[in-house]
Engineer: 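This is the structure I have questions about; it appears just below.
Note that the coordinates shown come from a computational prediction; the quantities given were computed from them, not determined experimentally. Whatever order the structure lists ligands and atoms in, that order sets their numbers, starting from 1. For this chain, numbers begin at 1 and follow the sequence in order.
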Amino acid sequence: MMKLKNKKAIVTGGSRGLGKATAIAFAKKGIDVAITGRDEEKLKKTVTEIKALGVNAFYEIFDVRNYKEVQVGIKNIISNLGTVDILVNNAGIAAIGSLNEMEVSVWEQIIQTNVLGMYYVTKEVLPYLIDKNKGDIINVASTAGLNGNPNISAYSASKFAVIGLSQSLMKEVRKNNIRVNTLTPSTIASDMTLELGMTDGNPDKVLQPEDFAQLIVAGLQLPRRAMLANASLWSTNP
Ligand SMILES: NC(=O)c1ccc[n+]([C@@H]2O[C@H](COP(=O)([O-])OP(=O)(O)OC[C@H]3O[C@@H](n4cnc5c(N)ncnc54)[C@H](OP(=O)(O)O)[C@@H]3O)[C@@H](O)[C@H]2O)c1
């Protein structure tokens, strides 16, 4: 089983929701964490919570849609962490609306954030993992990346792309002892899904961010010969 204590992780979109829960779960395992996002207030607050768990934690502000910002941000993170073992590509956005009615700019932003953003961050982190000949990348897709449904075409297209990117990368970097784990969760109570009115967040019924974080930790603890491909997480509640 992989020892997690003292590993170094980057969690994009770590200020809130699933990313925040993941960063906290990592800290509980003794992993040092860099979280990223755009909202400094939220990042600061989350870092304070993570640090209280006794690990090194800090934040870096960049917009994953901006390759130049990503390059600078990842460089800063590596010089602060010293190295990196785990990358969680979690930053993402969603919007609801028919293809016919959704603004072109909204459709574009979803693809830019969920697909290009993941590509930019991965491109900047990957050389460090290849150099170490070891590492874990966890890409957050969605059940929307497995099936298309009405009023979610941009998000669904972006998550299909995430799965394609992840499967290609997985097969490229196996030889470098790098695992690319792809997660396809269904609805989880987070700011995103609450804001979109997709759930009431009732913890008796709906998956919680902590459940998702547990899946990530479990995936990391699999024997190194095993990794997660399209690992779905569903609520037991019908
Ligand atoms: N919640 C669900 O039911 C569910 C299910 C399946 C998959 N997912 C996926 O899980 C991931 C996290 O979702 P969530 O529900 O936790 O959403 P969330 O609560 O809205 O959090 C999204 C995070 O991404 C960051 N982010 C968004 N756009 C960004 C940008 N352009 N640059 C940098 N950071 C950006 C946000 O920080 P800033 O706003 O500060 O930038 C925030 O930290 C997403 O990829 C989502 O598609 C969620």
Engineer: To which protein heavy atom is atom 9 (C) of ligand 1 closest, and what is the distance rounded to 0.1 Å?
Structural biologist: Val140 CG1, 3.6 Å

Engineer: Counting only heavy atoms not in Glu103, do more than 12 sit closer than 6.0 Å to its CD atom?
Structural biologist: no

Engineer: Taking atom 25 (C) of ligand 1 as the point of reference, which of Ser190, Ala141, Gly13 owns the nearest heavy atom?
Structural biologist: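 Looking at heavy atoms only, Gly13 sits closest to atom 25 (C) of ligand 1.
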
Engineer: N/O to N/O below 3.5 Å, does that happen between Val64 and ligand 1?
Structural biologist: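 Yes: some nitrogen or oxygen of Val64 is under 3.5 Å from one in ligand 1.
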
Engineer: Ligand 1 and Asp63, any nitrogen or oxygen pair closer than 3.5 angstrom?
Structural biologist: yes

Engineer: Out of all atoms in ligand 1, which are within 4.0 Å of some heavy atom of Thr193? Include the element for each.
Structural biologist: 1 (N), 2 (C), 3 (O)

Engineer: Which of the numbered atoms in ligand 1 are under 4.0 angstrom from any heavy atom belonging to Arg65?
Structural biologist: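 Matching atoms, with element in brackets: 31 (N).
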
Engineer: Under a plain distance cut-off of 3.5 Å, with no hydrogens placed, do Ser232 and Thr184 share a side-chain donor-acceptor pair?
Structural biologist: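 Yes, because at least one side-chain N or O of Thr184 sits under 3.5 Å from a partner of the opposite role on Ser232.
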
Engineer: Would you say Leu18 has any N or O atom under 3.5 Å from an N or O of ligand 1, going by distance alone?
Structural biologist: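 By distance alone, the answer is yes.
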
Engineer: With rounding to the nearest 0.5 angstrom, report the CD1 to CD1 distance, Ile152 to Ile96.
Structural biologist: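 Result: 5.5 Å between the selected atoms.
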
Engineer: Run Thr122 and Asn89 through side-chain hydrogen bond (donor to acceptor under 3.5 Å, both in side chains) and show every step you take.
Structural biologist: CA-CA 8 Å; Thr122 305; Asn89 272 316; 2.8 Å; yes

Engineer: Could you tell me which atoms of ligand 1, counted from 1 in the order shown, lie closer than 4.0 angstrom to a heavy atom of Ser142?
Structural biologist: 6 (C), 7 (C)

Engineer: Answer yes or no for Gln109: is there a heavy-atom contact with ligand 1 below 4.0 Å?
Structural biologist: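 The answer is no, since Gln109 has no heavy atom less than 4.0 Å from ligand 1.
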
Engineer: What's the separation between atom NZ in Lys159 and atom OG1 in Thr182, rounded to the nearest 0.5 Å?
Structural biologist: 11.0 Å

Engineer: Just list the side-chain donor-acceptor pairs under 3.5 Å for residues 24-37, sequence neighbours left out, or say none.
Structural biologist:
from  : atom 1 : to    : atom 2 : distance (Å)
Asp32 : OD1    : Asn56 : N      : 2.9
Asp32 : OD2    : Lys8  : NZ     : 2.6

Engineer: Under 4.0 Å, heavy atoms only, figure out whether ligand 1 is touched by the backbone of Lys20, its side chain, both or neither.
Structural biologist: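 Looking at Lys20 and ligand 1, no heavy atom falls under 4.0 Å.
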
Engineer: Enter the distance from Ile50:CD1 to Phe58:CZ here, rounded to the nearest 0.5 Å.
Structural biologist: 10.5 Å

Engineer: Indicate yes or no: does Asp200 engage Lys205 in a salt bridge with an N to O separation below 4.0 Å.
Structural biologist: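 No, no charged N to carboxylate O under 4.0 Å.
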
Engineer: Which protein heavy atom lies closest to atom 6 (C) of ligand 1, and at what distance to 0.1 Å?
Structural biologist: Pro185 O, 3.3 Å

Engineer: Run the contact test for Ala94 against ligand 1 with a 4.0 Å cut-off on heavy atoms, strictly below, and give the result.
Structural biologist: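 It does not, in that no heavy atom of Ala94 comes within the 4.0 Å cut-off of ligand 1.
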
Engineer: How far is atom 22 (C) of ligand 1 from its nearest protein heavy atom, and which residue and atom name does that atom have?
Structural biologist: Gly92 O, 3.7 Å

Engineer: If two hydrophobic side chains count as joined below 4.5 Å and joins carry through other members, does Met227 share a cluster with Leu87?
Structural biologist: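 Same cluster: Met227 reaches Leu87 through Ile, Leu, Val, Met, Phe, Trp or Tyr contacts under 4.5 Å.
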
Engineer: Short list, please: which atoms of ligand 1 are under 4.0 Å from a heavy atom of Ser15?
Structural biologist: 37 (O), 40 (O), 42 (C), 43 (O)

Engineer: What atoms in ligand 1 come closer than 4.0 Å to a heavy atom of Ser186?
Structural biologist: 3 (O), 5 (C)

Engineer: Using a strict 4.0 Å cut-off to heavy atoms of Thr187, name the atoms of ligand 1 that fall inside it.
Structural biologist: 3 (O)

Engineer: Give, for atom NZ of Lys7 and atom CD1 of Ile86, the distance between the pair rounded to the nearest 0.5 Å.
Structural biologist: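 Rounded to the nearest 0.5 Å, the NZ-CD1 separation comes to 7.0 Å.
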
Engineer: Which protein heavy atom lies closest to atom 26 (N) of ligand 1, and at what distance to 0.1 Å?
Structural biologist: Ala91 CB, 4.0 Å

Engineer: Could you list the atoms of ligand 1 found under 4.0 angstrom from a heavy atom of Asn90?
Structural biologist: 10 (O), 11 (C), 12 (C), 44 (C), 45 (O)

Engineer: What pair of heavy atoms forms the shortest contact from Asn176 to Glu172, and how long is it?
Structural biologist: OD1-O, 3.9 Å

Engineer: Between CE of Met170 and CG of Leu165, what distance do you get to the nearest 0.5 Å?
Structural biologist: 12.0 Å

Engineer: Looking at atom 38 (P) of ligand 1, what's its closest protein heavy atom, distance included?
Structural biologist: Arg38 N, 3.5 Å

Engineer: Can you tell me the protein heavy atom closest to atom 19 (O) of ligand 1 and the distance?
Structural biologist: Arg16 NE, 3.1 Å

Engineer: Return yes or no for this condition: an N or O of Thr36 is under 3.5 Å from an N or O of ligand 1.
Structural biologist: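 In this structure, Thr36 places no N or O atom under 3.5 Å from an N or O of ligand 1.
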
Engineer: For ligand 1, does Pro209 get within less than 4.0 Å through its side chain, its backbone, both, or neither, judged by non-hydrogen atoms?
Structural biologist: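 For Pro209, there is no contact with ligand 1 at all, from either part.
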
Engineer: Heavy atom to atom 46 (C) of ligand 1, shortest distance: which of Phe62, Tyr120, Phe212, Tyr155 holds it?
Structural biologist: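 Of the listed residues, Tyr155 has the closest heavy atom.
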
Engineer: Is there a heavy atom in Ala21 that sits closer than 4.0 Å to ligand 1?
Structural biologist: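 So Ala21 does not count as touching ligand 1.
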
Engineer: Does any N or O of ligand 1 fall below 3.5 Å from an N or O anywhere on Ile188, backbone included?
Structural biologist: yes

Engineer: Can you pull the ring-ring contact (aromatic ring centres under 6.0 Å, His included) pairs that have at least one residue in residues 121-180, sequence neighbours excluded?
Structural biologist: none

Engineer: Looking at Leu222 and Arg179, what are the two nearest heavy atoms and their distance?
Structural biologist: O-NH1, 3.1 Å

Engineer: Starting from atom 17 (O) of ligand 1, what is the nearest protein heavy atom, named by residue and atom, and what distance separates them?
Structural biologist: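 Answer for atom 17 (O) of ligand 1: Met192 CB, 3.4 Å.
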
Engineer: Got more than 12 heavy atoms from elsewhere within 6.0 Å of NZ, Lys175?
Structural biologist: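 Counting neighbours around NZ of Lys175, more than 12 heavy atoms of other residues, nucleotides or ligands fall under 6.0 Å, so yes.
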
Engineer: Check whether the side chains of Thr143 and Trp234 place a donor and an acceptor atom closer than 3.5 Å, and report yes or no.
Structural biologist: no

Engineer: Suppose I only count heavy atoms of Thr113 and a 4.0 Å limit; which atoms of ligand 1 are within that range?
Structural biologist: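 Contacts of ligand 1 toward Thr113, numbered from 1: 28 (N), 31 (N).
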
